[in-house]
Structures are given as structure tokens and as C-alpha cells.
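To find a chain, count down the sequence lines: A is the first, B the second, and so on, and within it residues start at 1. Just so it is clear, the model here is predicted, and its values are computed rather than measured.
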Amino acid sequence: MSIKVRYFASLKESIGRSEDTLSFTPLLTVSDVWKLANPTIALSENILVAVNMDYVNYDFIVSDDDIVAFFPPVTGG
Amino acid sequence: MSIKVRYFASLKESIGRSEDTLSFTPLLTVSDVWKLANPTIALSENILVAVNMDYVNYDFIVSDDDIVAFFPPVTGG
Amino acid sequence: MTLKIITQAFDPYQEIQRYQHAHPENLGHIGATNIFIGTMRDFNENVAVKGMTLEHYPGMTEKQLDNIVVEAHAQWQLIDTLIIHRVGTILPNEPIVLVAIWSSHRGDAFDACRYIMEALKSKAPFWKKEHLSNNDERWVTHNSTGYKTP
Amino acid sequence: MTLKIITQAFDPYQEIQRYQHAHPENLGHIGATNIFIGTMRDFNENVAVKGMTLEHYPGMTEKQLDNIVVEAHAQWQLIDTLIIHRVGTILPNEPIVLVAIWSSHRGDAFDACRYIMEALKSKAPFWKKEHLSNNDERWVTHNSTGYKTP
């Protein structure tokens with residue numbers, strides 16, 4: 001019963017971690033996941049979120065075993 | 001004191017000539033040039049005209065020594 | 001800025017690489033390259049085609065293409081442009097036209113390449129005659145617009 | 001349809017030619033090829049750049065790019081698509097991304113290539129960190145749209 005949280009690029013550097021593992025509880029949104037993992041840091045509006053590698057909104061409700069990824073705007077190509 | 005007339009592609013084949021030379025007289029339009037060169041054939045609307053290698057309208061007035069080219073829609077590329 | 005009208009088959013990738021090597025002054029500045037290659041198909045309007053002959057109006061072709069390239073450079077920030085167009089006899093799978101655009105940013109490269117192709121298709125005095133597999137010949141009567149999928 | 005995420009420098013023209021040779025079934029059908037190559041510049045936002053590191057999210061990158069290619073094939077008549085994207089350390093003048101589109105008609109090739117590039121730039125999880133000539137580092141903060149010249 002857990003959720004894996006991943007961070008990339010500048011966000012990974014500013015948080016100082018690339019990964020967290022949280023206990024799963026029902027009805028957690030992506031915002032809740034962020035608050036649990038980073039209680040002292042506000043979730044900046046330009047941060048993108050993917051659950052299981054698909055983009056979602058902050059109010060998306062996560063399931064057990066989901067991988068939630070937070071990252072800055074993408075800059076490939 | 002002359003005007004050279006050139007024909008290209010399917011128009012050249014249907015007229016059966018690639019070139020005419022007409023005597024120049026003042027105030028000839030491109031339409032007039034066509035009528036002088038091809039008195040029995042109507043100038044079909046889709047035929048393009050260039051004078052000295054620039055596109056012009058049928059009412060463009062030609063000058064001595066001009067090269068007037070008539071051709072079908074272009075199909076390069 | 002180079003423009004070539006050629007009568008022999010060409011390899012567009014070799015031409016692009018040769019051009020880039022000949023222009024080391026562009027190195028480091030180019031962020032975006034957009035390339036269009038028009039190739040002869042072996043089928044057109046439901047008929048098998050075994051070759052074509054491309055006629056053109058020497059002199060006017062170069063003049064019109066020069067104008068088009070100058071217009072493109074006036075509208076977009078371009079570093080370099082290369083246009084090659086075949087004339088004469090062409091076989092299926094052979095490249096007919098190459099337009100290569102080098103710029104700092106992708107918007108300019110995409111827009112200019114497309115602009116040049118559409119302008120070339122509507123203004124450059126080339127005419128295609130198709131040689132059909134049943135030995136008939138036919139002139140291609142017009143180019144369609146590239147802005148709507150046919 | 002091929003998609004490659006690679007860590008080594010690549011020659012886009014060799015890759016395209018190799019791909020074409022590996023797909024003889026496309027011969028005769030292709031009338032239009034549109035190719036976009038994004039290359040690393042040695043200057044960005046007025047600062048000299050000596051290299052960059054491209055981070056990505058393995059798995060999500062492929063999933064997002066796959067979606068984009070499927071969307072492009074649904075919207076336009078395409079014969080084939082090849083996408084190659086670098087990750088890791090990249091030096092100036094090296095290609096970062098290649099998108100090659102093969103189709104019968106030019107409208108499809110141009111539209112799909114541009115669509116894929118814009119979608120890739122806004123959705124594929126890549127992040128660039130620039131290594132400046134003064135030895136500072138900085139993350140590129142966002143991609144601008146390619147539909148308006150910057």
C-alpha cells in the first residue's frame with residue numbers, strides 16, 4: 001500500500017531528492033501527495049504532474065501503487 | 001522593332017510552335033499579341049503570361065524587344 | 001543561398017551535407033533545419049506512371065525562384081537556404097525538388113520552407129508530362145494547394 | 001514508425017537513409033518528405049553555451065511520443081515516421097532531435113512534422129541544462145511556441 005513520488009530536473013535539485021515513497025490512503029489527490037511529501041514547500045503553479053506517465057491535473061485522485069511524478073515545464077526538442 | 005513570343009509545355013504542343021516573332025507596334029497589350037500570333041485560337045483563361053520573365057496580366061502593354069511567354073498552369077515541385 | 005536547376009538525378013542528403021560542409025560559418029548558429037523533398041511516385045490519379053519529363057523556362061525559373069527566396073528572407077529570420085530542382089527525364093523514386101532551410105528557431109524554418117514550396121508550386125515555370133505504364137503520355141494540368149490535405 | 005531515445009551523437013542524414021533503405025515497401029508511394037532537425041546552438045539568450053545535459057523521464061518519454069505519433073497518423077495520411085531524440089551530454093552543433101515524415105502529399109508531411117515537433121516540445125518529458133562558457137550552469141525554463149517567430 002504505497003505511492004511512489006518522483007521529481008525531475010530543476011525540481012529534483014531544489015527539493016534535493018529524486019524519489020519518495022508514501023503510504024497509500026484512499027482519496028488522496030495529487031496535491032495531497034505533494035503536501036505529504038513536501039509539507040513546507042508550496043506546489044508552484046507551473047509544476048507539471050504525471051500519474052503513471054500520463055499528465056493529470058492537481059485534483060486527480062491517486063490509486064495504490066501509482067507513480068506520481070512532479071517536474072518543471074519540459075524543454076526538449 | 002519586334003516582339004518575341006514563346007510557348008511552353010502543353011500549349012506549345014497544341015499550337016505546334018515554340019516561338020513567334022511579331023513586328024512591334026505601340027500600345028499592344030498581351031491579349032493583342034496573342035491575337036496577332038494566334039488569330040484563330042481564343043486565349044484560354046487559365047493560360048499564364050510573362051513578359052521578360054515576370055508575370056503580367058492580359059492587359060499589360062508590351063514594349064519593343066519584349067519577350068512574351070504564354071504557358072499553362074505550372075506543375076513543378 | 002544557393003539555387004540549382006539540374007538535369008541529373010541527385011541525392012538530397014549528400015547535397016545537404018556537402019552544402020553544410022561548405023558553409024562552416026553557419027556552425028553554432030543553426031538551431032533548426034527544415035527540409036522538404038518532393039519525390040516522384042509511381043502512381044498518380046490512379047494510373048501507374050513509369051517516368052516523367054519536366055520542362056521549364058530557363059531564365060524565368062531562376063528569376064522566379066530568386067524572388068521567392070528573397071521574399072522568404074524578408075519575412076523570416078533565416079541563416080541559409082538551398083533549393084535544388086530537377087528538369088528533364090525523371091524516374092519513380094527520384095527526388096524532384098529539395099528545399100532546405102537553416103535558421104536559429106524552428107518557427108522560421110518551418111514557415112519559410114513551406115512558403116517556398118507553395119510559392120515554387122504556383123510560380124516557378126516547370127511543367128510535368130507523365131509517361132504512363134500503358135505508354136500513354138499526359139501533361140499534369142495543375143498543382144493543388146499544399147495547405148489543405150488533398 | 002520508429003522512435004529512438006539515444007545517448008550518443010547521431011548523423012540525421014545517415015539515420016534517414018538507413019531507415020529508407022530498411023523500408024523498401026515505401027518506395028514509389030512517397031511523394032513528400034518533411035524533415036526537422038533541431039541542433040544545439042553555441043549561444044542562447046545572449047550567453048555563450050559550451051554544452052548541455054538533457055535529462056528525461058524514461059518510459060514516460062516513449063509513452064508521450066508514441067501518443068503524439070498515433071495522433072499524427074490519425075490526423076494526416078502518413079506513410080512512415082521516424083523520431084530520434086538525444087539525451088545525456090550534448091555539444092554545440094550536434095543534433096538534438098530528428099523528426100522525419102514520409103507521405104504521398106506535401107500538406108500531410110508539413111502539417112504532421114510541425115504538429116509532432118510542437119507536441120514533443122510541450123509534452124515529452126525532456127529537460128535541458130545548459131553549461132555556459134563561464135562555467136555556470138542553468139536550466140532552460142520553458143520552450144516557446146514554434147508557431148510564432150520568437
Engineer: Less than 4.5 Å apart, side chain to side chain, heavy atoms only: is that true for D/V47 and D/R138?
Structural biologist: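 A side-chain contact exists here, since the closest heavy-atom pair is under 4.5 Å.
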
Engineer: Going by heavy atoms in the side chains, are C/K123 and C/M60 under 4.5 Å from each other?
Structural biologist: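 Side-chain contact under 4.5 Å: no.
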
Engineer: Using a strict threshold of under 4.0 Å (side-chain N to carboxylate O), is an ion pair present between D/E118 and C/R106?
Structural biologist: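 D/E118 and C/R106: salt-bridged.
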
Engineer: Taking every heavy-atom pair that is under 4.5 Å apart, which of C/P12, C/S104, C/A109, C/P92 has the most such pairs with chain D?
Structural biologist: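 The answer is C/S104.
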
Engineer: Which bit of C/D11 is near chain D, if near means a heavy-atom gap under 4.5 Å: side chain, backbone, both or neither?
Structural biologist: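 Only the side chain of C/D11 comes within 4.5 Å of chain D.
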
Engineer: Checking heavy atoms, do the side chain of C/E94, its backbone, both or neither come under 4.5 Å from chain D?
Structural biologist: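 For C/E94, there is no contact with chain D at all, as no heavy atom is under 4.5 Å.
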
Engineer: For chain C, find which of D/D42, D/L27, D/I35, D/I30 contributes the most heavy-atom pairs closer than 4.5 angstrom.
Structural biologist: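 Looking at each option in turn, the highest pair count goes to D/I35.
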
Engineer: Relative to chain C, which segment of D/N44 carries a heavy atom at a distance below 4.5 Å: side chain, backbone, both, or neither?
Structural biologist: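 No part of it gets close to chain C.
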
Engineer: Please classify the contact between D/S103 and chain C as side chain, backbone, both or neither, with a heavy-atom cut-off of under 4.5 Å.
Structural biologist: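 Neither; nothing under 4.5 Å.
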
Engineer: How long is the span from the OG1 atom in C/T145 to the NE2 atom in D/H105, to the nearest 0.5 Å?
Structural biologist: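 Spacing of OG1 (C/T145) from NE2 (D/H105) equals 13.0 Å.
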
Engineer: With side chains defined as the heavy atoms from C-beta onward, is the minimum distance between C/K4 and C/E15 less than 4.5 Å?
Structural biologist: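 When only atoms from C-beta onward are counted, C/E15 and C/K4 do touch, with a gap below 4.5 Å.
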
Engineer: Could you tell me which portion of D/N93 (side chain, backbone, both or neither) has an atom closer than 4.5 angstrom to a non-hydrogen atom of chain C?
Structural biologist: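 Contact with chain C involves the side chain of D/N93 alone.
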
Engineer: C/I16 versus chain D, heavy atoms under 4.5 Å apart: side chain, backbone, both or neither?
Structural biologist: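 Contact with chain D is through the side chain of C/I16 alone.
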
Engineer: Looking at C/R114 and D/D111, is there a salt bridge between them, counting it only when a charged N and a carboxylate O are closer than 4.0 Å?
Structural biologist: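 Judged by the 4.0 Å cut-off on N to carboxylate O distance, D/D111 and C/R114 do form a salt bridge.
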
